[in-house]
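In what follows, chains carry the letters A, B, and so on, assigned in the order in which the sequence lines appear, proteins first and then strands, with residues in each chain numbered from 1. Treat the numbers as computed from the prediction; the structure is a model and nothing was measured.
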Number of protein chains: 2
Amino acid sequence: MTMVRQTRQRQAVIEVLRASREHPDAAWIHGQVRGRLPHVSLGTVYRTLDALVRDGVVLTIERAGQATRYDYRHEGEDHHHAVCRGCGAIFDVDAEAMPCIPVAALPPGFQVTEVRLEFMGLCPDCTPQPNAES
Amino acid sequence: MTMVRQTRQRQAVIEVLRASREHPDAAWIHGQVRGRLPHVSLGTVYRTLDALVRDGVVLTIERAGQATRYDYRHEGEDHHHAVCRGCGAIFDVDAEAMPCIPVAALPPGFQVTEVRLEFMGLCPDCTPQPNAES
DNA sequence: GTCCTTGCAAATGGTTTGCAGTGCC
DNA sequence: GGCACTGCAAACCATTTGCAAGGAC
C-alpha cells in the first residue's frame, strides 16, 4: 500500500495554492514556492499537483496548448468556472446559483471523482465592440 | 470581413467528424482524411478544427498532456461527457437526464459560446477491484 | 487577380520521465 | 534502514507557426 510522505516541498505547494484565488498555473506556483525553497524543481511541483488532483483536493481547468490552471477547493465554496477564450481569464461562478442535477444517466459502474461545469466564451474585454471601429 | 472558403480539405475533415462517434483526436482524423486526400497535412487539420470550434459546430474535450478530442454536435443530440482518468475513454451522457439550470450568476457581460459539463472519474475497467488480488 | 488556404518542416512549450542522491517514517 | 521523494536535465509530443506555392471566388 502506497505511503504518502509529508515534505517541505509539498507543504509549500499546498500553502501557495491555498493562498491564491487566481487559478494559477504550475509555472507560477513554482515561482512562488521558490521564494521560500529556492531549489524546488518544476518536476516536483507537477508531481505534487498530480497527487493533489488525485486526492480531490485540487481541481484543474485544462485547455489544449495552454498551461493547466489549478484551483484549491476551499471549504464550502463550491463554484464552477467561466473561461474566456480570448485572454484566458478564469472567473468563478457560484455553484448555488447554478444548480446542476445529476440524475442516473452515467455509464453503469463509472466512479465520478469530480464534476466540472465550465462556461466557455468571451469576457467583456475580449468581446468585439458592436459600435466601435471596424 | 473575413471570407471563409470551401475547400476539399475542410469538407473531408467535417465528413470524417460527422461520421464518427468516438470522439476522435486530431491525429486520428488526419489519418482518416488522408485515406481520401493523401497529402493533407496535420497542420491543416488543426486549422480546420479550430475554425469549427470557433463556429460552435464542434465541441472539444481537453486534457493536459493529452490530445484534444473532438465531438461533432449532431442535431438535437445534446450530451455531456464522462471521462475516465485511467484509460481516457469518453462516454456520452444524455443531457436531458442531466439537467443543468444556468441562472444569472455569470460575470456581467460574459458571452457564453459553449457550456461544458464533464464527469471525471474511473470507468468500470479502471476501477480497482475491491475483492480481487492486492 | 486577390488573398485565403495549404503543405511542409521547424519551432514552441507544457508536461513527463530516468536516475542517482536525499530525507521522511 | 527502506523506500518514497527530490533535483536536474533530457525526452516527449500535441499544437502552433512561417513561408512560398496553390486554389477558391
Side-chain angles (χ1 to χ4, degrees), chain A residues 1-17 23-55 58-71 83 85-88 90 134, chain B residues 1-14 16-17 23-55 58 60-71 83 85-88 90 134:
Chain A
M1 145 107 82
T2 19
M3 148 106 65
V4 177
R5 290 175 183 171
Q6 187 69 343
T7 65
R8 228 165 313 147
Q9 292 86 332
R10 281 184 185 159
Q11 288 173 352
V13 169
I14 295 176
E15 272 176 45
V16 167
L17 224 29
H23 316 286
D25 60 23
W28 188 90
I29 295 169
H30 184 217
Q32 292 296 106
V33 169
R34 278 205 158 172
R36 311 178 205 179
L37 305 174
H39 291 290
V40 172
S41 69
L42 230 200
T44 294
V45 171
Y46 271 112
R47 280 184 284 231
T48 301
L49 290 171
D50 279 352
L52 294 175
V53 170
R54 259 196 305 283
D55 290 352
V58 164
L59 300 184
T60 60
I61 298 144
E62 310 180 30
R63 293 227 282 150
Q66 280 164 75
T68 296
R69 308 282 285 270
Y70 297 85
D71 184 26
V83 183
R85 280 217 189 269
C87 61
I90 298 173
S134 77
Chain B
M1 147 104 88
T2 18
M3 149 106 67
V4 177
R5 290 176 184 170
Q6 188 69 341
T7 65
R8 227 165 315 145
Q9 292 86 332
R10 282 184 186 160
Q11 288 173 352
V13 169
I14 295 175
V16 167
L17 226 27
H23 316 286
D25 59 23
W28 188 90
I29 294 168
H30 183 217
Q32 293 296 108
V33 169
R34 278 205 157 171
R36 311 179 205 178
L37 305 172
H39 290 289
V40 172
S41 70
L42 230 199
T44 294
V45 171
Y46 272 112
R47 280 184 284 233
T48 302
L49 290 171
D50 279 351
L52 294 175
V53 169
R54 260 197 305 284
D55 290 351
V58 164
T60 59
I61 298 144
E62 309 180 31
R63 292 227 282 151
Q66 281 165 74
T68 296
R69 308 281 286 270
Y70 297 85
D71 183 27
V83 183
R85 281 217 189 269
C87 60
I90 298 174
S134 77

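Between the CD atom of A/Gln9 and the C1' atom of C/dG23 there is a distance of 9 Å, given to the nearest Å. In this structure, A/Arg10 atom CZ and C/dC25 atom C1' are separated by 13 Å, rounded to whole Å. For the pair B/Arg34 CZ and C/dT6 C1', the interatomic distance rounds to 13 Å; values are reported in whole Å. Protein atom CD of B/Gln6 is 17 Å distant from nucleotide atom C1' of C/dC3, rounded to whole Å. At whole-Å resolution of the value, CG in B/Leu37 and C1' in C/dT5 are 14 Å apart. Remark: C1' of C/dT17 and CG of A/Leu49 are 17 Å apart, rounded to the nearest angstrom.
A/His23 pairs by the ring pair (Phe, Tyr, Trp, His ring centres under 6.0 Å) definition with A/His81, not counting sequence neighbours.
For D/dT6, the OP1/OP2 oxygens have no side-chain nitrogen or oxygen of A/Arg8 closer than 4.0 Å. In terms of phosphate contacts, A/Thr7 brings no side-chain nitrogen or oxygen within less than 4.0 Å of OP1 or OP2 of C/dG23. Between B/Ser41 and the phosphate of C/dC8, there is no side-chain N or O to OP1/OP2 separation shorter than 4.0 Å. Checking the phosphate oxygens (OP1, OP2) of C/dC8, a side-chain nitrogen or oxygen of B/His39 falls inside 4.0 Å.
Axis angle, first five pairs versus last five pairs of the helix from C/dG1-D/dC25 to C/dC25-D/dG1: 50°, rounded to 10°.
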Give me, pair by pair, the N or O atoms of the protein and of nucleotides 12-18 of chain D that are less than 3.5 Å apart, along with how far apart they are.
| from | atom 1 | to | atom 2 | distance (Å) |
| --- | --- | --- | --- | --- |
| D/dT15 | OP1 | B/Thr68 | N | 2.9 |
| D/dT15 | OP1 | B/Thr68 | OG1 | 2.6 |
| D/dT15 | OP2 | B/Tyr46 | OH | 2.3 |
| D/dT15 | O5' | B/Tyr46 | OH | 3.3 |

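Residue B/Arg5 places a side-chain atom within donor-acceptor reach of the base of C/dC4, judged by atom type and a 3.5 Å distance cut-off alone.
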query: Does the side-chain contact (heavy atoms from CB on, under 4.5 Å) test come out yes or no for A/Asp25 and A/Gln66, once each step is laid out?
result: CA-CA 10 Å; A/Asp25 60 23; A/Gln66 280 164 75; over 6 Å; no
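Of all heavy-atom pairs between B/Arg85 and A/Val53, the closest is NH2-CG1, 3.9 Å.
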